[in-house]
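From a predicted model like this one, the values you see are computed outputs, not experimental measurements. Quick note: numbers below take in every heavy atom, side chains included, and nothing from hydrogens, waters or symmetry partners. Reminder, nothing fancy here: chain letters follow the sequence lines and each chain counts from 1.
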Number of protein chains: 2
Amino acid sequence: MKKYYTIGDVAARTGISAHTLRYYDKEGLLSFVERSESGKRLFKKEDFEPLYTITVLKKSGMPIKKIREFMTLYLQGNKTIHDRYVMFNDQRQSLLEQIAELEDMLKIVDYKCWYFQEAEKRGDINYYQKLPAEEVDPRIIEFNKIVDDFREGVIKED
Amino acid sequence: MKKYYTIGDVAARTGISAHTLRYYDKEGLLSFVERSESGKRLFKKEDFEPLYTITVLKKSGMPIKKIREFMTLYLQGNKTIHDRYVMFNDQRQSLLEQIAELEDMLKIVDYKCWYFQEAEKRGDINYYQKLPAEEVDPRIIEFNKIVDDFREGVIKED
DNA sequence: ATAGATGTTAGAGTATACTCGAAGTCAAGA
DNA sequence: TCTTGACTTCGAGTATACTCTAACATCTAT
């Protein structure tokens, strides 16, 4: 005899609300879920694997529509293995780009944290403008160069 | 005599559309921008610094409302340096968490890419289930453990 | 047998961030 | 002077991803 999980069980275990699970189903992400005679969703043990995959794709920034495409391939079995590989490989590339961008932002934010602390010590957000050029910290020069590029419309190459 | 940039100039230089710039203004992000007699926005050279800061906060995942809070502090000058430091420091933490999460996802996606390639070679998405336990790659065992935890509602500690 | 928890659907509502269209104003060159 | 292109506001529309409500069905425990 097979054990089934109700939508509430799945919600409690995965932290995805029952509302959201039904929304995902409506959007075609959960077509693999069985139904009882009366129409209730019956999640099986094996269903947690594709459900987990959905959460990974979501957290990787993939939109619902594209996840649906993936699930459509999933339902077709072995003949779509290659297509699914391609989708994951593309997503891998997207993740690398997202991480690189956030790391770039982190560098700027780190600088800003440092700069605000320096400015706070001196009680003046523009303190460096009153210093002789040779006493201005190189980090400030570098940041100002970035802002100048932004103003001049300089496009950064990859 | 002072040089001004029109909204179109700024759009062309920064890649932010004029529509979006007006939207940002309406949302209170661009209160520092001067206006001409006739109501046209006049961007100054110095305005590109806060505008750049806005783009950094945006790309860091900060919502418009919170960026507005930051700009409100910005307009108040030196007395808000500490508060602005705190906001950037919080954003720094948020960025570290976002990067950590994406790196976790990258690990899973890397695994999936590898697994789909193995499955494609064998023409069977569940090939490992037909292998004797000792021949199953440890990466597969590990991934299945993650899925089991997901099903059992195991919460990962930080 | 009945209450109460949990499930179902359809569809409306919310939040966020744009994105666009209409109607009108303004400034510079032919 | 007039045309043209860029600017203005206001408000509506779009896209994404939920999130919730209403009305009803069903399952479970006393």
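- Phosphate proximity of C:dA17 to B:Y24: absent, as no side-chain N or O sits under 4.0 Å from OP1 or OP2.
- Toward the 5′ end of DNA chain D lies the nearest nucleotide of A:T20, the other residue of the pair A:S36 and A:T20 mapping further downstream.
- A cation-pi arrangement is absent between B:R84 and A:F116 under the rule of less than 6.0 angstrom and at most 45 degrees off the ring axis.
- Between B:F88 and A:Y115, the distance from one ring center to the other does not fall under 6.0 angstrom.
- If you measure from atom CG of B:L30 to atom P of C:dC18, you get 12 Å, rounded to the nearest angstrom.
- A:K58 comes within contact range of the sugar-phosphate backbone alone, with a heavy-atom separation under 4.0 Å but no base atom that close.
- In this entry the distance linking OH of B:Y23 with P of C:dT19 reads 10 Å, nearest Å.
- Between the CG atom of A:L57 and the C1' atom of D:dA17 there is a distance of 16 Å, rounded to whole Å.
- Atom pair A:I64:CD1 and D:dT19:P shows a separation of 11 Å (rounding to whole Å applied).
- Other residues, nucleotides and ligands contribute only 12 or fewer heavy atoms inside 6.0 Å of the CD atom of A:E142.
- Rounded to an integer number of Å, the gap from A:E37 CD to D:dA25 P is 17 Å.
- Atom C1' of nucleotide C:dC18 and atom CG of B:L29 are separated by 12 Å, given to the nearest angstrom.
- We find that CD of A:E27 is positioned 10 Å from C1' of D:dC18, with the value rounded to whole Å.
- Using a cut-off of 4.0 Å between Lys/Arg side-chain N and Asp/Glu carboxylate O, B:D148 and B:R151 are scored as salt-bridged.
- The pair B:K130-B:D124 counts as a salt bridge, with a side-chain nitrogen and a carboxylate oxygen less than 4.0 angstrom apart.
- For B:Y5 and B:F48, the distance between ring centers is under 6.0 angstrom.
- The pair A:D137-A:R139 meets the salt-bridge criterion, with a side-chain N (NZ, NE, NH1 or NH2) lying under 4.0 Å from an Asp/Glu carboxylate O.
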Output one letter per nucleotide in nucleotides 1-13 of chain C: B when a protein non-hydrogen atom lies under 4.0 Å from the base, S when only the sugar-phosphate is that close, - when neither is.
------SBB-B--

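- Going from atom CZ of A:R68 over to atom P of D:dA15 covers 14 Å, rounded to whole Å.
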